[in-house]
Amino acid sequence: RVDSRKLRRTVPAELRRGFEAAAAGREQELSELLSSDPGFFTATSEVDTRTLLHAACFAGQARCVRVLLGAGALVEQRMRGGITPLIAAAQSGSVECVQILVAARADIYAVAMGKTALQHAQTLAQGARTEEGGWTAVAATLAYAEKAQALREESALFDRQAEALQ
């Protein structure tokens with residue numbers, strides 16, 4: 001969630017509008033802001049260095065994540081604490097945001113606060129009394145992505161070894 005009181009004190013008004021639009025899922029407003037300033041998505045909050053993509057991911061706003069990635073937002077940009085957009089999406093419990101970021105080639109092994117996105121989701125799933133937040137589904141999605149990545153790496157290694165033998 002975006003703390004609007006903190007934003008008012010630390011972020012210029014237009015950027016604040018961007019953070020609020022990203023967190024609230026107002027993709028049309030976000031698109032308009034991006035069209036008026038194509039580099040707008042690179043701006044960060046001075047408080048914790050989060051980007052608009054982080055704000056959308058923390059809020060689980062998949063449509064805004066798509067808009068921002070389409071505008072060129074950096075999928076690996078880290079905010080304070082080393083949190084990537086993928087880790088933010090995992091913490092929010094948004095399977096759709098996680099799927100979008102994995103498809104955009106987010107680093108599934110990135111670590112923040114000593115944990116990968118999968119480990120963050122697993123920790124949150126264990127602490128939840130019900131399936132609230134979708135963390136079990138997020139953990140399953142990330143576990144699948146890790147296995148797929150490992151298979152791609154093994155396949156590439158096998159291909160290199162086969163080429164060396166020819």
Got Ile87 and Thr116 here, is their nearest side-chain heavy-atom distance under 4.5 Å?
-> no

Using a 4.5 Å cut-off on heavy atoms from C-beta on, say whether the side chain of Phe158 contacts that of Glu153.
-> no

Mind listing the closest non-hydrogen atom pair of Thr84 and Ala110 along with its distance?
-> CG2-CB, 3.9 Å

When rounded to the nearest 0.5 angstrom, what distance separates CG in Leu101 from SG in Cys97?
-> 6.5 Å

For Tyr109, does the OH atom have more than 12 heavy-atom neighbours from other residues, nucleotides or ligands under 6.0 Å away?
-> yes

Heavy-atom pair of closest approach, residues Glu146 and Leu118 = OE1-CD2, 3.5 Å

Close side-chain approach of Leu53 to Gln77, heavy-atom, < 4.5 Å | no

Find the distance between CZ (Arg78) and CD (Glu76) and round it off to the nearest 0.5 Å.
-> 7.0 Å

Any chance you could measure Phe19, atom CZ, to His54, atom NE2, to the nearest 0.5 Å?
-> 9.5 Å

Nearest-0.5 Å distance that lies between atom CD in Glu154 and atom CD in Gln161 | 10.5 Å

Working to the nearest 0.5 Å, report the span between CZ of Arg26 and CD of Glu32.
-> 11.0 Å

Derivation of the side-chain contact (heavy atoms from CB on, under 4.5 Å) call for Thr141 and Val102 = CA-CA 9 Å; Thr141 300; Val102 167; 5.6 Å; no

Side-chain donor-acceptor pair present, Thr123, His120, cut-off under 3.5 Å = no

Polar side-chain atom of Ser92 near backbone of Ala59 as donor-acceptor pair, under 3.5 Å = no

How long is the gap from CZ on Arg80 to OG1 on Thr49, to the nearest 0.5 Å?
-> 5.5 Å

Compare all side-chain heavy atoms of Met113 with those of Ile83 and state whether any distance is below 4.5 angstrom.
-> yes

Side-chain contact, heavy-atom cut-off 4.5 Å: Ser94 with Val138?
-> no

Determine all donor-acceptor pairs shorter than 3.5 Å in which one atom belongs to a side chain in residues 60-71; sequence neighbours excluded.
| from | atom 1 | to | atom 2 | distance (Å) |
| --- | --- | --- | --- | --- |
| Gln61 | NE2 | Ala23 | O | 3.4 |
| Arg63 | NE | Glu27 | OE1 | 3.2 |
| Arg63 | NE | Glu27 | OE2 | 3.3 |
| Arg66 | NH1 | Glu96 | OE2 | 3.3 |
| Arg66 | NH2 | Glu96 | OE2 | 3.3 |

Output every pair passing salt bridge (charged side-chain N to carboxylate O under 4.0 Å, His left out) with a member in residues 97-108, not counting sequence neighbours, ordered by first then second residue.
-> none

Quick one: closest heavy-atom pair of Ala106 and Val75, and the distance?
-> CB-CG2, 3.7 Å

May I ask you to test the Met79-Thr51 pair for a side-chain heavy-atom distance under 4.5 Å?
-> no

Side chain proximity check, Leu33 to Arg17, heavy atoms < 4.5 angstrom = yes

Does some side-chain heavy atom of Leu52 sit less than 4.5 Å from a side-chain heavy atom of Leu15?
-> yes

